[in-house]
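These notes concern the structure reproduced below.
Chain letters run A, B, ... following the sequence lines, proteins first and then strands; every chain starts at 1. Computed from a predicted structure; not experimentally measured. For the numbers below, each heavy atom of this structure counts, side chains included, while hydrogens, waters and symmetry mates do not.
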Number of protein chains: 2
Amino acid sequence: MTRRLPPLNAIRAFEAAARLLSISNAAEELSVTPTAISHQIKQLEDLLGIKLFERSGRNITLTRQGERIFPGVTQGMDSLAGAFEETYGKVDLNTITISTTREFARYWLQPRLGDFYEQFPSLVLNVFTSESCVDLSGREVDLAVRYGPVPAEDSGDVVLFQEHYIPVIRKSPVDSKDKTVDIADLETKRLIDVRWENATLAAPSWKTWFEQSGKEGFHHFKRMNFDSYHLAFDALKRGYGAALLSQTIVNSDEFSSELVRIEGPQLSGYSYRVVVAPASQRKKNVRLFVDWLSG
Amino acid sequence: MTRRLPPLNAIRAFEAAARLLSISNAAEELSVTPTAISHQIKQLEDLLGIKLFERSGRNITLTRQGERIFPGVTQGMDSLAGAFEETYGKVDLNTITISTTREFARYWLQPRLGDFYEQFPSLVLNVFTSESCVDLSGREVDLAVRYGPVPAEDSGDVVLFQEHYIPVIRKSPVDSKDKTVDIADLETKRLIDVRWENATLAAPSWKTWFEQSGKEGFHHFKRMNFDSYHLAFDALKRGYGAALLSQTIVNSDEFSSELVRIEGPQLSGYSYRVVVAPASQRKKNVRLFVDWLSG
DNA sequence: TTGAGACATAAGTTTTTGATATTTTGATTG
DNA sequence: CAATCAAAATATCAAAAACTTATGTCTCAA
């Protein structure tokens, strides 16, 4: 048995365009430019010697001959897709998968999600947290919000904001005024530092803070070190000591009413930036999401 | 709706290899080298992260996972092929389509076809005659036997034999000995020349023959000119005159017993050569046929 | 009449594909 | 049991296909 088939890529382009009745939408679905689709369809038409679409400036329609071919093609593509489905997974254009840190997801993204779903009710957001850098060349993740130095101008990455670290301690139940506290009054407390998993970034530390503030007495304090913010938060909430927390966290619902700021400087941190996976850069919904993020 | 599919060409390679359980046979079917198929399948395996075939040196078998994918893929390809079938035609590997001149087909090929079908009973030969050069870049014709100057060494064309033109006239019923005849005895006959459709080739002519033979009297003869051999043969058989016929025709069943040679030189003609269409060069049966032709 | 949206066309670049040559693997044979 | 043979894998490189950017055309709507 031998089949005689036109180029398969051209067939795929035709199928998408015929189904969506739009070159541009087909292009988006296949993650290429409309030009590419136009080319492929022209190639197919030339090869078959027939017109598949009627072009009328603004939109396209299938010709009679195109209509005759289309059903079998769609069915065939469905069958192929079905064969690979369980092995290869599905993609849903309405689902956006984002990779970021636990902290960004919990304290920045999460509180704003209500607004997002209000604006884009049909979208589904898939949040995937991990401290390490996730590979964006695969098809698993559409974009990542990463924390680190400001990227080069031409990287195409969108910078969201710069992080700052604020010295805080649990608000004393006794004196619940919203004032600040002097570090000198906290000699019974410990200084809580968190070690970061990513050793290439410099974590904020009380040592640095004392240096920058010009205050004395760093060495008189007891210390507490943690590997993760999870435990550090707990220690902070229990009133064990003072911590340098990112403004994002300090301002969050969970913490804003519980903490009181310690007098002295805030430490500058790195920036959050959005990195879009190459394969997802054409997805309209991904672009919308990035606009919303940075907007 | 969006489908997530591996590269379609890789899918096609997989399908052919899985169906034929052979990389090389799949390669032949798709008109590429086994290397290409091997590449494509490897690409697919890497992408899916699973092994599709079990290799054991001499032959391949589907793995369990390959077996699960295969049916849907075959079905899908069938469906695609079906969609384009009526528009795009079918190819049968057992059918060889040859383009050549009417004369070659009738007087050289036809008498030998019995032998051919005896050797290759399963093949179907499609003979397509035309005096003009048929385009071999299309998929209509597998090979052409063409008449003309000897091709360049590196053209890849196979030369069958050189043609010669022999001066003949109808054997007289009266004197049926197999001797030759002197042109001087034929003053009552006419000289039959045929004009060729392809003006770029020099047709044999009585004028040339007289020049080469050194004989006198060319201008004393009456002449007959035809556009096609069909009419010239008729005139020859009716005994109207003498013609310069190719050895192929003179030796054919139809003519060998009816003609008698006229004394004098034979004229050198061009050569028959086999030109194989690029798309057909890998077809095993086409190669077999060419081997048989050049024999 | 002008501007925006959708597609076509042209030219150049990148990616993918496939060919040649060579090596590896396992079956077959003397 | 080595020698041989066929099929497939691999490496390197060239050719072809696909894609992008830039530009042009056409239609519809304001």
Side-chain angles (χ1 to χ4, degrees), chain A residues 5-47 51-63 66 137 139 154 156 276-284 287, chain B residues 5-47 51-63 66 137 154 156 276 278-284 287:
Chain A
L5 276 174
L8 295 173
N9 292 328
I11 295 179
R12 171 166 49 189
F14 163 73
E15 195 275 339
R19 176 159 39 80
L20 302 168
L21 287 177
S22 152
I23 301 272
S24 346
N25 293 353
E28 193 196 337
E29 175 170 311
L30 300 179
S31 298
V32 294
T33 54
T35 309
I37 303 294
S38 179
H39 270 321
Q40 298 281 34
I41 291 174
K42 183 166 173 13
Q43 179 195 7
L44 193 55
E45 288 182 325
D46 289 350
L47 195 69
K51 284 193 70 168
L52 295 169
F53 289 102
E54 211 60 70
R55 282 87 161 166
S56 59
R58 221 179 238 290
N59 49 1
I60 58 176
T61 36
L62 278 169
T63 60
S137 68
R139 300 246 178 319
D154 60 348
V276 180
S280 303
Q281 280 170 0
R282 288 178 185 287
K283 289 195 193 173
K284 195 194 232 166
R287 288 201 301 269
Chain B
L5 276 174
L8 295 172
N9 292 327
I11 296 179
R12 171 167 49 188
F14 163 72
E15 195 275 338
R19 177 159 39 79
L20 302 168
L21 287 177
S22 152
I23 301 272
S24 346
N25 292 353
E28 193 195 336
E29 175 171 309
L30 300 180
S31 298
V32 294
T33 54
T35 308
I37 303 293
S38 179
H39 266 141
Q40 298 279 34
I41 291 175
K42 184 165 171 17
Q43 179 195 10
L44 192 56
E45 288 182 324
D46 289 351
L47 195 68
K51 283 192 69 168
L52 295 169
F53 289 102
E54 210 61 69
R55 284 88 161 167
S56 60
R58 219 179 241 291
N59 50 0
I60 57 176
T61 36
L62 278 169
T63 60
S137 68
D154 60 349
V276 180
S280 303
Q281 279 170 2
R282 288 179 183 285
K283 289 194 192 173
K284 196 195 231 165
R287 288 201 301 270

*Examine C:dA19: is either OP1 or OP2 under 4.0 Å from a nitrogen or oxygen in the side chain of B:T33? Give yes or no.*
yes

*Mark yes or no for whether B:E54, through its side chain, and B:T61, through its backbone, hold a donor-acceptor pair below 3.5 Å.*
no

*Could you tell me whether a side-chain N or O of B:E45 sits under 3.5 Å from a main-chain N or O of B:F53, the two making a donor and an acceptor?*
yes

*asked:* I need the CD1-P distance between B:I37 and D:dA8, as an integer number of Å.
replied: 11 Å

*Answer with base, sugar-phosphate or nothing: what part of the nucleic acid does B:S56 contact at a heavy-atom distance below 4.0 Å?*
sugar-phosphate

*Would you say the side-chain atoms of A:E28 pair up with the backbone N or O of A:K284, donor to acceptor, closer than 3.5 Å?*
yes

_Distance, rounded to the nearest Å, where A:N25 contributes CG and C:dC7 contributes P_ = 8 Å

*Which nucleotide in C:dC7, D:dA9, C:dT9 has an atom nearest any side-chain atom of B:I23*: D:dA9

*Please figure out whether B:P34 or B:H39 has its closest DNA chain D nucleotide nearer the 5' end.*
B:P34

*Which one, D:dT10, C:dG18, C:dA6, comes nearest to the side chain of A:S24?*
C:dA6

*Does B:Q43 put a side-chain nitrogen or oxygen below 4.0 Å from OP1 or OP2 of C:dT17?*
yes

*Verdict with supporting geometry, B:I11 and B:L8, side chain to side chain contact (heavy atoms under 4.5 Å, CB included)*: CA-CA 5 Å; B:I11 296 179; B:L8 295 172; 4.0 Å; yes

*Counting side-chain heavy atoms from CB outward, which of C:dG18, D:dC19, D:dT10 is closest to A:A36?*
D:dC19

*Check whether any side-chain N or O of A:Q40 sits under 4.0 Å from OP1 or OP2 of D:dC19, and answer yes or no.*
yes

*Taking the side chain as every heavy atom from C-beta outward, state whether B:H39 and B:K42 have any pair of such atoms under 4.5 Å apart.*
no

*Rounded to the Å, how far apart are A:I41 CD1 and C:dA6 C1'?*
13 Å

*A:F53 CZ - C:dC7 C1' separation (whole Å)*: 12 Å

*asked:* Just the rounded figure in Å: distance from P of D:dA17 to CG of A:D46.
replied: 14 Å

*Where the side chain of A:S22 is defined as all heavy atoms beyond and including C-beta, which of C:dC7, C:dG18, C:dT20 is the nearest nucleotide?*
C:dC7

*Considering only side-chain heavy atoms of B:S38, which listed nucleotide, D:dA22, D:dA9, D:dC19, is closest?*
D:dA9

*Interatomic distance where NZ belongs to A:K42 and P belongs to D:dA18 [whole Å]*: 14 Å

*Indicate whether OP1 or OP2 belonging to C:dT25 is found under 4.0 Å from a side-chain N or O atom of B:R55.*
no

*CG of A:L30 versus P of D:dA18: gap in Å, rounded?*
13 Å

*Look at the side-chain N and O atoms of B:N59 and state whether any lies under 4.0 Å from the OP1 or OP2 oxygen of D:dA7.*
no

*Rounded to the nearest angstrom, tell me the gap between atom CD1 in A:I60 and atom C1' in D:dC26.*
15 Å

